[in-house]
2 protein chains.
Amino acid sequence: MIAKDLNTGAKMLRVVSINVNGLRSATAKGFFQWLENSGADIVCMQETRLQPHQWLEEHKPAGWHMHLCHAEKPGYSGTAIYSRHPFSSINNGLGFDICDTQGRFTAAEFYISDGPDSEGKTFVVASLYLPSGSSGDEAQARKDLFLQEMLVHFRQWREQGKSIIVCGDYNIVHKEIDIKNWKGNQKNSGVLPHERAWLDTLYDELGYVDAFRVHRPDTQEYSWWSNRGQAWANNVGWRIDYHVVSPDWRNRVANAFIYRDERFSDHAPVVIDYVL
Amino acid sequence: MIAKDLNTGAKMLRVVSINVNGLRSATAKGFFQWLENSGADIVCMQETRLQPHQWLEEHKPAGWHMHLCHAEKPGYSGTAIYSRHPFSSINNGLGFDICDTQGRFTAAEFYISDGPDSEGKTFVVASLYLPSGSSGDEAQARKDLFLQEMLVHFRQWREQGKSIIVCGDYNIVHKEIDIKNWKGNQKNSGVLPHERAWLDTLYDELGYVDAFRVHRPDTQEYSWWSNRGQAWANNVGWRIDYHVVSPDWRNRVANAFIYRDERFSDHAPVVIDYVL
DNA sequence: CCTCGCAAG
DNA sequence: CTTGAGAGG
């Protein structure tokens, strides 16, 4: 339960999405020190790359409610959600194999009380880790299948009128502004026309919103930089980590930024403040 | 060809044996910086763990003659001999499978000239990497088989009257003085009675000499420390790296020490000076 | 607990 | 180039 401020009737919710590229690695790089002072209320992680028996005290800071959704394969994939507010429920997976066995989707439901006299309402924050297609044709085929399956659920959520924030590593660049080297990557996985069209479908057809772009419509900012070469130093990046939100969240986006002052991973935290 | 000093009629030869636990790793830890100033004439390495295509300039300092004897399996086993003096010949392997396919034995022959009027003579310096038996019964069985095969060659060399220095990681402790924790390791591979008896056979029956003990009969010094726990810091070690020499070298040992001031590997260099 | 090769990103 | 598993030590 999240109680709104009784005076203002409003409350700010800071939600963070980050592909940690190994929660153990990110921990060693000071991720949890940053998190403590980040002001985050809810954090969606991807590529946690650890199983429950490897999820230690050092990965479980005091004052958080935490949920881990792990892959069957050790050291691979996985998502997690950490929250300052208690979950009212948690759901792992979406009922298709590659998603469920690889821990690529987990969703937390929260209940907001508007005050003692109100019924309140619920919303969902999900952590999604879309497969990479960059290692070859088979990987791309698996990614495409995942996109297809995923679209069914995005459509259903709209039909149900669900209030949802789907944070994640989508492994897809949306538009030219979202990547440094647009021309050179036209044929690379993550920039393929049918992948970008999939995002168009979410936004233009289903009405979802790229929350970062609500607040920053024109800035060229990235959320991922290759580890090869000097990509980070030269800011040769891609924006592939998003908060995809149902339409009811559009007018609630108060602030959005990508945190680049420290580096915990090859991805940067995408931080968005929402007015509840 | 090694020319003796024409005035004194003698020459010192510094021979080093070291298990480098990955020549690339040892290189990163400054092994070649040390080597340059070590005064070594001949260096026998074990566990080089690289194949010819991975043997780069950084592993080939100027002023040395070098020979690599690699395992078929990448990143595994292998021996090498580096020398300030040219080899007159090189021989890899000893004709049994585990030795030859894993690059566990290589021998360099040197020719010494006593002066313009003499015929001179030859001697052999070999680098031997005996298998570890510590990973289980099968590994121990392979080690035991290796010991058996190896004994044939040690015997033949004596029958041939060969002048030889067999440097190497023998993975066997000889006596109580050669290990810190004698009692606790009685049942562990490397300290087993039949392994130690094998060394007795070399020394007592065949007449080989543990060159280090010629110069240091009573010191408790080790050549290997486990990476686990605080073994190095607490000097909890084993002496398992030897110069096993034919009897003609006994009276030529001038100095012997194990170099512990720097750490290039889990093994330390065993340095012995011989009078030619 | 280290080194290396490997799969995956 | 990086993470992590796994073999081997």
Side-chain angles (χ1 to χ4, degrees), chain A residues 19-29 31 46-51 53-54 70-78 98 102 104 129-136 138-140 142-143 169-171 188-190 224-234 236 238 240-241 263-267, chain B residues 19-29 31 46-51 53-54 70-78 98 102 104 129-136 138-140 142-143 169 171 188-190 224-233 236 238 240-241 263-267:
Chain A
N19 175 317
V20 291
N21 190 20
L23 184 54
R24 286 167 287 184
S25 166
T27 302
K29 292 171 179 160
F31 173 65
Q46 302 86 39
E47 230 182 332
T48 41
R49 297 174 71 160
L50 89 182
Q51 292 176 327
H53 69 279
Q54 301 165 311
H70 66 285
E72 288 175 359
K73 187 176 179 176
Y76 182 73
S77 189
I98 186 175
Q102 298 184 351
R104 290 182 177 275
Y129 177 36
L130 272 175
S132 164
S134 58
S135 64
E138 286 168 29
Q140 185 63 45
R142 281 192 293 272
K143 182 181 184 179
D169 174 1
Y170 284 71
N171 266 315
N188 289 338
S189 178
W224 175 76
W225 300 260
S226 169
N227 276 321
R228 305 186 198 187
Q230 298 305 112
W232 168 263
N234 299 332
V236 178
W238 304 26
I240 57 180
D241 299 271
R263 199 168 192 213
F264 311 120
S265 155
D266 49 345
H267 297 248
Chain B
N19 176 318
V20 291
N21 191 20
L23 184 53
R24 286 167 287 184
S25 166
T27 302
K29 291 171 180 163
F31 173 64
Q46 302 86 39
E47 232 182 331
T48 42
R49 298 174 72 162
L50 88 182
Q51 290 176 328
H53 69 278
Q54 301 165 310
H70 66 286
E72 289 174 1
K73 187 177 180 174
Y76 182 72
S77 189
I98 185 175
Q102 299 185 350
R104 291 182 176 274
Y129 178 35
L130 274 175
S132 164
S134 57
S135 62
E138 288 169 27
Q140 186 63 44
R142 283 193 292 273
K143 181 179 184 179
D169 175 1
N171 266 316
N188 290 338
S189 178
W224 174 76
W225 300 260
S226 169
N227 276 321
R228 305 185 199 188
Q230 300 303 110
W232 168 263
V236 178
W238 303 27
I240 57 179
D241 299 271
R263 199 166 192 215
F264 312 119
S265 154
D266 50 344
H267 296 248

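We name chains A, B, ... by the order of the sequence lines, and we start the count at 1 in each one. Bear in mind the structure is a predicted one, so any value in this text is a computation, not a measurement.
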Note to self: Rounded to whole Å, please give me the gap between CZ in B:Phe31 and C1' in C:dC2.
What the structure shows: 18 Å
Notebook entry, point to check: For A:Gln54, which contact category applies under a 4.0 Å heavy-atom criterion: base, sugar-phosphate, or nothing?
Noted result: sugar-phosphate
Margin query: It should be established whether B:Lys29 places a side-chain nitrogen or oxygen under 4.0 Å from OP1 or OP2 of nucleotide C:dT3.
Written below: yes
Notebook entry, point to check: Expressed in angstrom and rounded to an integer, what is the separation of B:Asp169 atom CG from D:dG8 atom P?
Noted result: 17 Å
Notebook entry, point to check: Taking only N and O in the side chain of B:Lys73, is any of them less than 4.0 Å away from OP1 or OP2 of D:dA7?
Noted result: no
Notebook entry, point to check: For the pair made of CD in A:Gln102 and C1' in C:dA7, what is the distance, rounded to whole Å?
Noted result: 13 Å
Notebook entry, point to check: Which nucleotide sits closest to the side chain of B:Tyr129: D:dG6, C:dG9, D:dG9?
Noted result: D:dG9
Item checked: A:Asn19 CG to D:dT2 P, straight-line distance once rounded to whole Å -> 16 Å
Margin query: Could you tell me how far apart A:Asn171 (CG) and C:dG9 (P) are, to the nearest whole angstrom?
Written below: 9 Å
Checklist line | Interatomic distance where CZ belongs to A:Arg228 and C1' belongs to C:dA8 [whole Å] | finding: 10 Å
Next item on the list: Decide yes or no, distance alone: a donor-acceptor N/O pair under 3.5 angstrom between the base of D:dG9 and the side-chain of B:Arg49.
Entry: no
Check: CG of A:Asp241 versus P of C:dG9: gap in Å, rounded?
Finding: 15 Å
Checklist line | Out of C:dT3, D:dT2, C:dC1, whichever nucleotide has its closest atom nearest the side chain of B:Asn21 | finding: C:dT3
Margin query: Once you measure the plane-to-plane angle for B:Trp224 and B:Trp238, does it fall in the parallel (<30°), tilted (30-60°) or perpendicular (>60°) bin?
Written below: perpendicular
Notebook entry, point to check: For the residue pair B:Asp266 and B:Arg263, what are the closest heavy atoms and their distance?
Noted result: CA-NH2, 3.6 Å
Notebook entry, point to check: Closer than 4.0 Å, any side-chain N/O of A:Ser25 to the OP1 or OP2 of D:dT3?
Noted result: yes
Item checked: Protein-nucleotide distance (A:Leu130, atom CG; C:dA8, atom C1'), rounded to Å -> 16 Å
Next item on the list: Taking all non-hydrogen atoms of both residues into account, name the closest pair between A:Asp241 and A:Gln46 and its distance.
Entry: OD1-OE1, 4.3 Å
Notebook entry, point to check: With respect to the phosphate group of D:dG4, does any side-chain polar atom (N or O) of A:Tyr76 fall under 4.0 Å of OP1 or OP2?
Noted result: no
Margin query: Which nucleotide wins on minimum distance to the side chain of A:Asn227, given the candidates D:dG9, C:dG9, D:dG4?
Written below: C:dG9
Note to self: Testing the basics here: between B:Ser77 and B:Gln102, what is the closest heavy-atom pair and its distance to 0.1 Å?
What the structure shows: OG-O, 2.8 Å
Next item on the list: Identify the heavy atoms of A:Leu130 and A:Tyr170 that sit nearest to each other, and give their distance.
Entry: CD1-O, 3.1 Å
